[in-house]
Structure formats: C-alpha cells, structure tokens
Number of protein chains: 2
Amino acid sequence: MLKNSEFIDKLRSSGLRPTKQRLKICEVLFNRDKTFHFTINDLAKNISEQLNEKISLATVYNTVHAFKNKGYLKEISINSDKSYFDTNITNHHHFFDEDSNELIDCDEDVIENLNIKKNITGKKINSVEVLIKVASDNQNQN
Amino acid sequence: MLKNSEFIDKLRSSGLRPTKQRLKICEVLFNRDKTFHFTINDLAKNISEQLNEKISLATVYNTVHAFKNKGYLKEISINSDKSYFDTNITNHHHFFDEDSNELIDCDEDVIENLNIKKNITGKKINSVEVLIKVASDNQNQN
DNA sequence: ATATAAATTATAATTATTCTAAACTGTTGA
DNA sequence: TCAACAGTTTAGAATAATTATAATTTATAT
Ligand SMILES: [Mn+2]
Ligand SMILES: [Mn+2]
Ligand SMILES: [Zn+2]
Ligand SMILES: [Zn+2]
C-alpha cells in the first residue's frame with residue numbers, strides 16, 4: 001500500500017501536477033497486490049464505485065494517456081474495438097481469455113526462447129508482444 | 001491468377017452464394033502474387049479504383065466477415081482503432097511498421113523456437129500471435 | 001416461372017475515443 | 001500573501017470504425 005505522498009512525489013517528479021483526480025486514479029491503479037489489466041470502462045466503473053464525487057470520463061482518458069506516456073502503464077493490443085491497459089510495465093506476454101475477455105499475464109516459464117533473429121532494415125524494434133488467445137475447452141453442444 | 005469459376009466453386013462449396021459483389025472482392029483479395037494486409041478502408045478504396053459500379057460499404061464489411069468466418073481471411077490485432085485483415089491464413093507472425101502503419105509478414109526464420117510450455121487450465125489455445133512493432137531508426141531532431 | 005431464402009443497400013444507430021473551449025486549480029515568484 | 005499563468009478538468013460535441021435495420025434485389029430450387 002503506497003502512501004498518498006508517494007504518489008504526489010511520483011507525479012511531481014514526472015512533471016504532472018498531483019490533482020485530486022490523478023491521486024484517486026493512482027490509488028485505484030497502483031494500490032493493488034496484482035497486476036491490473038483494464039479497459040477505460042473498467043477503470044471508470046472502479047473509480048465510481050469507490051468515490052462519491054465523480055471524475056469526468058475525459059479526465060480518465062487524459063490521465064491514462066498521461067500515465068502511459070510517462071511509462072507507468074502499457075497499452076496492450078487485442079483484437080477488439082477497445083484498448084486494454086496494463087499496470088505491469090515489465091516486458092511480458094499475455095493470454096487472452098475469449099470467454100471472459102480477460103487478459104492474463106504469462107509467467108516467465110510459459111514462453112521458451114523467444115528470439116527475434118531478423119529485423120526490417122533501417123528500423124528499430126520498439127516492442128515484441130505475444131498474445132495467446134484461449135477459450136473454453138468444452139465441446140459445442142449441437 | 002484464379003479463374004472466376006474457381007471463385008464460384010469456392011464460394012458455393014462454403015455455402016456462400018457467388019454474387020457479383022463477392023466475386024469482385026475475391027478478385028481484389030485473392031488474385032495477387034503476395035499476401036495482402038488491409039483495413040476495410042484499404043479494401044474499399046482498392047475496389048472503387050477497379051470498378052465502375054460501386055459496392056456498398058456494408059457489403060464490404062459483410063463479405064470480409066463472411067470470408068473470415070469461413071477461414072479465407074485472418075484478422076490481426078494491432079494497437080489501433082481499426083482492424084487489419086490478412087489473406088495469408090497460415091500460422092505466421094508480423095512486423096508492424098509504426099511509421100507507415102503497415103503490416104509485414106515475418107519469414108519463418110525470424111522467430112526462433114516459439115514454444116508455449118503452459119496453458120490456462122480448462123482452456124484450449126486458439127491462436128498464438130507475435131507482433132513486433134518497429135519504427136524508423138533515425139535520431140529525434142530536437 | 002415462382003417461391004423462398006440469402007444478399008445488398010442506404011441509412012441510422014452504436015460505441016470508443018478525441019476534440020473543444022470554458023471554468024477551475026496548482027504553482028511560482030513578486 | 002496572492003496575483004498571474006500554465007496546467008487540468010469538464011460537459012458536451014465531433015469523429016470514426018463498426019454494426020444494426022429494414023426495404024429492395026438477387027440467386028437458387030422446385
Ligand atoms: Mn473486431
Ligand atoms: Mn473506434
Ligand atoms: Zn500484463
Ligand atoms: Zn500476414
């Protein structure tokens with residue numbers, strides 16, 4: 001559990017003013033035991049459940065993008081029409097459960113030896129992401 | 001170069017009526033030397049350039065989804081607000097050039113030994129996709 | 001040919017996201 | 001301390017991709 005003053009320092013040190021909206025969003029995002037994978041909608045719902053005054057949706061978007069640009073969040077590519085964000089900013093890969101639309105971190109030992117041996121000439125690699133889509137193993141009942 | 005009658009057979013054999021719209025779209029998609037990576041907008045533009053009568057955008061969407069469901073196209077996950085489709089339906093991976101927003105197939109020898117060693121209990125793996133985001137190697141001129 | 005189901009189409013609706021511009025707030029330094 | 005200024009929040013409008021609707025047209029089987 002991080003203290004409020006730690007969030008204030010973190011925000012200030014990256015040139016972001018510690019507003020009450022940003023501090024609340026920090027609390028929701030970063031005062032957790034486990035990685036949080038979320039859509040903007042997940043986050044907005046989570047905030048409104050915990051708060052009496054509301055934070056505008058525009059501010060949620062603004063803040064998430066600011067945090068992403070500062071490197072406090074990652075954005076994850078899913079074949080869907082909405083963006084997912086991730087509080088785990090280390091290099092790691094994901095399962096995506098197509099039944100529940102849930103992102104799940106891969107442990108280190110899931111993917112063996114991922115090694116990119118070639119690249120496009122004149123380009124640098126910005127990221128390498130593996131997405132493993134999974135779904136229920138049940139037979140279709142036709 | 002596939003013949004029109006081959007497209008007709010292919011469509012019929014998958015329970016799709018060979019309409020003139022679908023045949024034109026087949027021609028645009030599948031009469032190519034190389035893999036075609038496209039957005040709906042790319043495809044619609046490509047069609048209208050080659051055609052005097054126009055095909056409705058709704059039909060382009062309908063047809064692309066029908067072809068995807070029949071396994072003639074793959075949909076690729078990019079961190080963007082639009083979907084990409086791929087005429088290469090083999091298992092393969094991609095570079096994504098963030099300068100040009102272009103998808104590029106990885107050759108077999110780009111990724112070594114991709115091996116998924118664990119899975120979520122009770123789920124089956126539907127797909128494994130690697131996306132390598134690249135961009136220009138130039139220094140930022142500040 | 002006719003009946004029927006499938007497909008096409010224009011257009012409206014939906015949804016995620018971004019933009020706008022006015023009001024508000026945090027910070028700085030006189 | 002407090003005015004000035006830049007940074008932030010906000011409601012609401014705009015945008016853009018996609019999906020839904022429902023009327024018309026077309027393909028196919030009998
Ligand atoms: Mn989609
Ligand atoms: Mn969208
Ligand atoms: Zn993650
Ligand atoms: Zn491809």
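Order of the sequence lines sets the chain letters (A, B, ...), proteins ahead of strands, with each chain counted from 1.
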Which part of the nucleic acid does B:Thr39 contact within heavy-atom distance under 4.0 Å: base, sugar-phosphate only, or nothing? nothing
By the 4.0 Å heavy-atom rule, please label B:Asn62 as base, sugar-phosphate, or nothing. base
Partner set under side-chain hydrogen bond (donor to acceptor under 3.5 Å, both in side chains) for [X], not counting sequence neighbours:
| X | value |
| --- | --- |
| B:Lys24 | B:Glu27, B:Gln50 |
| A:Ser83 | A:Glu75 |
| A:Ser136 | A:Asn138 |
| A:Tyr84 | none |

Which residues satisfy the side-chain contact (heavy atoms from CB on, under 4.5 Å) test with A:Ser5, sequence neighbours excluded? A:Lys3
Proximity to DNA chain C (any heavy atom under 4.0 Å), residues of residues 2-27 of chain B only: B:Leu16, B:Arg17, B:Thr19, B:Gln21, B:Arg22
Which residues in residues 42-60 of chain A have at least one heavy atom lying under 4.0 Å from any atom of DNA chain C? none
Applying ring pair (Phe, Tyr, Trp, His ring centres under 6.0 Å), can you list everything that pairs with B:His93, at least two apart in sequence or on another chain? none
Listing, residues 122-131 of chain B side-chain donor-acceptor contacts under 3.5 Å, not counting sequence neighbours, or none:
residue, atom, partner, partner atom, Å
B:Lys123, NZ, A:Asp97, OD1, 3.3
B:Lys123, NZ, A:Asp97, OD2, 2.9
B:Lys123, NZ, A:Asp99, OD2, 2.8
B:Lys124, NZ, B:Asn126, OD1, 3.2
B:Asn126, ND2, A:Glu98, OE1, 2.9

Pair B:Lys117 + A:Asp109, salt bridge at N-O below 4.0 Å: no
Under a 4.0 Å heavy-atom criterion, DNA chain C is touched by chain B from C:dA5 to C:dA10
Linking Ile, Leu, Val, Met, Phe, Trp and Tyr through side-chain heavy atoms less than 4.5 Å apart, which residues share a cluster with B:Ile89? none
Sequence neighbours excluded, the answer for salt bridge (charged side-chain N to carboxylate O under 4.0 Å, His left out) partners of B:Glu102 is none
